[in-house]
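Just below is one structure, and these are the notes that go with it.
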Amino acid sequence: MCTQRRKHEDESASQPHIKKPRNAFMLFLNEQRPKVSAEKGMKSSAAVNAAVGQMWKSLSKEEQAKYYEEAEVERRLHAQLYPNWSSADNYGKKRKRVRSRTPATTGKYAV
DNA sequence: TGGCCTTTGAAGGTT
DNA sequence: AACCTTCAAAGGCCA
């Protein structure tokens, strides 16, 4: 695996860098990704994620709401496990490509 | 071997 | 307070 996490035992033993609470799509993705990847033959997750994103739009508001509630529960669980945890665990650690990938810029990341 | 590419949501960070 | 930037997942693909 690529990310070997150079973290020493002291870090990983106490708090192995707690991930941010996943949103509704991450939950939906984790369910549909293996299915879509198998049916579509999509190897790269980027393509699968995009495809699942379209599927998400096809979901009924009740179905979508289901994931929002599940995601909300994960926030609760996260809060219970780490009441003082801030999502800034890895903020700025992974430099996401070019800064300005937000749709607010021009819909797409600045060319 | 790590970062990219990709999705939306959440949430930190900046203004 | 409002706006913007980054991580969350994650698997092939590139430098």
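Letters go in sequence order (proteins before strands), and every chain restarts at 1. Every value quoted in this text rests on a predicted model; they were computed, and no experiment measured them. Basis for what follows: all heavy atoms, side chains included, without hydrogens, waters or symmetry-related copies.
In terms of phosphate contacts, A:Arg75 brings no side-chain nitrogen or oxygen within less than 4.0 Å of OP1 or OP2 of B:dA10. A sub-4.0 Å separation between OP1 or OP2 of B:dT8 and a side-chain N or O of A:Lys57 is present. Of the side-chain N and O atoms in A:Tyr68, one or more sit less than 4.0 angstrom from OP1 or OP2 of B:dG9. OP1 or OP2 of C:dA9 has not a single side-chain nitrogen or oxygen of A:Arg33 nearer than 4.0 Å. For A:Asn30 and C:dA10, the shortest distance from a side-chain N or O to OP1 or OP2 is below 4.0 Å.
Counting to the nearest Å, the C1' atom of B:dT7 and the CZ atom of A:Phe25 are 7 Å from each other. Taking atom NE2 of residue A:His78 and atom P of nucleotide B:dG9, one finds them 20 Å apart after rounding to whole Å. Atom-to-atom, CG of A:Asn90 to C1' of B:dG3 comes out at 14 Å; the value is rounded to the nearest Å. Between A:Met26 atom CE and B:dG9 atom P the separation is 10 Å, expressed in whole Å. B:dG12 atom C1' lies 6 Å from atom NZ of A:Lys20, rounded to whole Å. In this structure, CG of A:Leu29 is placed 11 Å from P of C:dG11, rounded to the nearest angstrom. Across the protein-nucleic acid pair, A:Asp89 atom CG and B:dG13 atom P stand 10 Å apart, rounded to whole Å. Spacing between atom NZ of A:Lys43 and atom P of B:dC4 amounts to 24 Å, rounded to whole angstrom units.
In this structure, A:Ala24 reaches neither bases nor backbone, as no heavy-atom distance under 4.0 Å exists between it and the strands shown.
Taking 3.5 Å as the limit, the base of B:dA11 and the side chain of A:Ser87 contain no donor-acceptor pair of atoms between them. Taking only distance into account, the side chain of A:Asn49 meets the base of B:dT6 through a donor-acceptor pair shorter than 3.5 Å. With hydrogens and angles ignored, a donor-acceptor pair under 3.5 angstrom links the side chain of A:Tyr91 to the base of B:dG12.
If you chain together hydrophobic residues whose side chains sit under 4.5 Å apart, A:Met55 and A:Met26 fall into the same group. Under the 4.5 Å side-chain contact rule for hydrophobic residues, A:Tyr67 and A:Val73 do not share a cluster. At a threshold of 4.5 Å between side-chain heavy atoms, the hydrophobic network of Ile, Leu, Val, Met, Phe, Trp and Tyr places A:Leu27 and A:Leu59 in one connected group.
Set against B:dG13, C:dG11, B:dG9, the side chain of A:Ala88 has B:dG13 as its closest nucleotide. When each of B:dG9, B:dT7, B:dC5 is scored by its nearest atom to the side-chain atoms of A:Ala50, the top-ranked nucleotide is B:dT7.
Every pair tested for ring-ring contact (aromatic ring centres under 6.0 Å, His included) that includes a residue from residues 30-53 of chain A fails, sequence neighbours excluded, so the list is empty. Sorted by first and then second residue, the salt bridge (charged side-chain N to carboxylate O under 4.0 Å, His left out) pairs with a member in residues 20-30 of chain A read A:Arg22-A:Glu74; sequence neighbours excluded.
Residue order along DNA chain B, read from the 5' end via each residue's closest nucleotide, puts A:Gln54 first among A:Ser86 and A:Gln54. Looking at which nucleotide of DNA chain B each of A:Ala46 and A:Pro21 is closest to, the 5′-most match is held by A:Ala46.
Side-chain contact between A:Asn23 and A:Arg75: present, with at least one pair of heavy atoms (C-beta onward) separated by less than 4.5 Å. Side-chain contact between A:Met42 and A:Val36: present, with at least one pair of heavy atoms (C-beta onward) separated by less than 4.5 Å.
Axis angle across the helix from B:dT1-C:dA15 to B:dT15-C:dA1, with five pairs used at each end and values rounded to 10°: 80°.
A side-chain N or O of A:Lys35 and one of A:Gln32 form a donor-acceptor pair less than 3.5 Å apart.
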